[in-house]
Amino acid sequence: VIKPGSKEELNKLDIAADAIKNGEVVAFPTETVYGLGANGLNPDAVKNIFKAKGRPSDNPLILHIQDISEIERLTVEINSTARKLMENFWPGPMTLVFKKSSVVPSVISGGLDTVAIRLPENKIARELIKLAKTPIAAPSANTSGKPSPTKANHVYDDLNGKIDMIIDGGSCNIGLESTVIDVTTLSPVILRPG
Ligand code: AMP
Ligand code: MG
């Protein structure tokens with residue numbers, strides 16, 4: 001278990017961030033469940049996530065950011081409903097669906113013209129995104145159809161040999177996927193309770 005903020009953690013996160021920059025797939029902790037992350041702006045890297053999970057290509061992924069300012073270049077419109085929700089619930093287990101900008105590859109959104117974005121609270125997740133200098137696409141770190149992992153050894157047992165790295169950050173606090181809300185219209189629509 002890596003203690004948040006320790007020297008050991010920082011060294012390992014540098015290695016993990018380099019792996020992300022190289023298009024590799026890294027499992028990392030978030031406050032909801034463990035995510036399987038790759039450079040969200042590199043279509044080949046994102047395809048590696050689908051391959052490792054055996055996930056159907058039309059099931060879209062969530063992009064994870066570490067600072068609210070990053071949403072500007074990933075989206076085309078942020079309405080007042082979205083701003084209120086972000087102010088109140090970010091960082092945290094809430095994902096918002098926006099109209100996507102051309103910066104976001106279509107492999108992420110399964111061909112839709114929207115993109116799901118979340119600002120997680122977990123410090124390891126945020127530091128990793130910061131060091132990788134890119135939004136990280138990440139579904140739960142399990143084979144498609146299996147339960148979402150809340151511990152690093154769940155990820156190891158399921159995906160060892162199919163992914164490049166696992167960051168052990170202990171147990172996830174929440175243990176349940178994020179709530180997904182569509183904010184492409186002024187009246188928000190809950191797509192998935194979390
Ligand atoms: P997960 O499987 O936990 O990574 O969550 C991804 C889920 O977020 C998908 O299965 C969808 O339910 C939802 N989602 C992601 N992107 C979009 C999108 N562009 N539009 C609607 N729902 C989305
Ligand atoms: Mg999942």
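Just follow the structure's listing: the first ligand is 1, and inside any ligand the first atom is 1. Hydrogens, waters and symmetry mates are skipped; everything else that's a heavy atom, side chains included, is used.
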Enquirer: Against heavy atoms of Pro139, which atoms of ligand 1 measure under 4.0 Å?
Expert: 4 (O)
Enquirer: Applying a heavy-atom cut-off of 4.0 Å, say which part of Lys99 lies close to ligand 1: side chain, backbone, both or neither.
Expert: neither
Enquirer: Please state which option from Ala141, Pro60, Ser178 has its nearest heavy atom closest to atom 23 (C) of ligand 1.
Expert: Pro60
Enquirer: Taking all atoms of both residues into account, what is the closest heavy-atom pair of Leu74 and Glu70, and its distance?
Expert: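 Heavy atoms only, the tightest pair is CG-O, 3.4 Å.
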Enquirer: How far is atom 5 (O) of ligand 1 from its nearest protein heavy atom, and which residue and atom name does that atom have?
Expert: Arg192 NH1, 3.2 Å
Enquirer: Test of understanding: given a 4.0 Å heavy-atom threshold, classify the contact between Val97 and ligand 1 as side chain, backbone, both, or neither.
Expert: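 Side chain only; the backbone of Val97 stays clear of ligand 1.
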Enquirer: At less than 2.8 Å, would any N/O/S atom of Asn142, backbone or side chain, sit next to the Mg ion (ligand 2)?
Expert: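 Short answer: no, not a single N, O or S atom is under the cut-off.
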Enquirer: Are Tyr34 and Leu13 connected into the same hydrophobic cluster when the rule is that any two of I, L, V, M, F, W, Y join if their side-chain heavy atoms are below 4.5 Å apart?
Expert: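 Cluster IDs for Leu13 and Tyr34 differ.
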Enquirer: Would a 4.5 Å heavy-atom cut-off, applied to side chains only, mark Asp158 and Pro149 as touching?
Expert: no
Enquirer: Under 3.5 Å, which donor-acceptor pairs link side chains of residues 16-32 to any protein atom two or more places apart or in another chain?
Expert:
{"from": "Asn22", "atom 1": "ND2", "to": "Asp18", "atom 2": "O", "distance (Å)": "3.2"}
{"from": "Thr30", "atom 1": "OG1", "to": "Thr32", "atom 2": "N", "distance (Å)": "3.1"}
{"from": "Thr30", "atom 1": "OG1", "to": "Thr32", "atom 2": "OG1", "distance (Å)": "2.9"}
{"from": "Thr30", "atom 1": "OG1", "to": "Val33", "atom 2": "N", "distance (Å)": "3.4"}
{"from": "Thr30", "atom 1": "OG1", "to": "Val33", "atom 2": "O", "distance (Å)": "2.8"}
{"from": "Thr30", "atom 1": "OG1", "to": "Arg118", "atom 2": "NH2", "distance (Å)": "3.2"}
{"from": "Glu31", "atom 1": "OE1", "to": "Glu121", "atom 2": "N", "distance (Å)": "3.1"}
{"from": "Glu31", "atom 1": "OE1", "to": "Asn122", "atom 2": "N", "distance (Å)": "3.1"}
{"from": "Glu31", "atom 1": "OE2", "to": "Arg118", "atom 2": "NH1", "distance (Å)": "2.8"}
{"from": "Glu31", "atom 1": "OE2", "to": "Glu121", "atom 2": "N", "distance (Å)": "2.9"}
{"from": "Thr32", "atom 1": "OG1", "to": "Arg118", "atom 2": "NH2", "distance (Å)": "3.4"}

Enquirer: Just heavy atoms, cut-off under 4.0 Å: does Val33 contact ligand 1 by side chain, backbone, both, or neither?
Expert: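 Neither; no heavy atom under 4.0 Å.
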Enquirer: Check the side chains of Thr75 and Ser101 for a donor-acceptor pair under 3.5 angstrom, ignoring hydrogens and angles.
Expert: no
Enquirer: To the closest 0.5 Å, what do you measure between CG (Leu61) and NZ (Lys53)?
Expert: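 Interatomic distance, Leu61 CG to Lys53 NZ, rounded to 0.5 Å: 8.5 Å.
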Enquirer: Could you tell me which non-hydrogen atom of Gly145 sits nearest to which non-hydrogen atom of Asn142, and how far apart they are?
Expert: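 Residues Gly145 and Asn142, closest heavy atoms: N-ND2, 4.5 Å.
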Enquirer: I'd like to check whether Glu177 has a polar contact with ligand 1, where a contact means an N/O of the residue lying under 3.5 Å from an N/O of the ligand.
Expert: no
Enquirer: Can you confirm whether some protein heavy atom lies under 4.0 Å from atom 3 (O) of ligand 1, or whether none does?
Expert: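 It does; a protein heavy atom is within 4.0 Å.
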Enquirer: Quick one: look up the protein heavy atom nearest atom 18 (C) of ligand 1 and list residue, atom name and how far away it is.
Expert: Thr114 OG1, 3.8 Å
Enquirer: What atoms of ligand 1 come closer than 4.0 angstrom to any heavy atom of Ala116?
Expert: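 Listed by number with element: 15 (C), 16 (N), 17 (C).
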Enquirer: Going by atom types only, do Glu177 and Ser148 share a side-chain donor-acceptor pair under 3.5 Å?
Expert: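 Looking only at side-chain atoms, Ser148 and Glu177 do form a donor-acceptor pair, the distance falling under 3.5 Å.
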Enquirer: Heavy-atom contacts under 4.0 Å between Leu191 and ligand 1: side chain, backbone, both, or neither?
Expert: side chain
Enquirer: Please classify the Asn59 to ligand 1 contact at 4.0 Å (heavy-atom distances, strictly less than): side chain, backbone, both or neither.
Expert: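 Side chain only.
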Enquirer: Calculate, to the nearest 0.5 Å, the distance between atoms CD1 and CD1 belonging to Ile124 and Ile129 respectively.
Expert: 12.0 Å
Enquirer: I'd like to know whether ligand 1 has Lys100 as a neighbour, heavy-atom separation below 4.0 Å.
Expert: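 The answer is no: ligand 1 sits nowhere under 4.0 Å from a heavy atom of Lys100.
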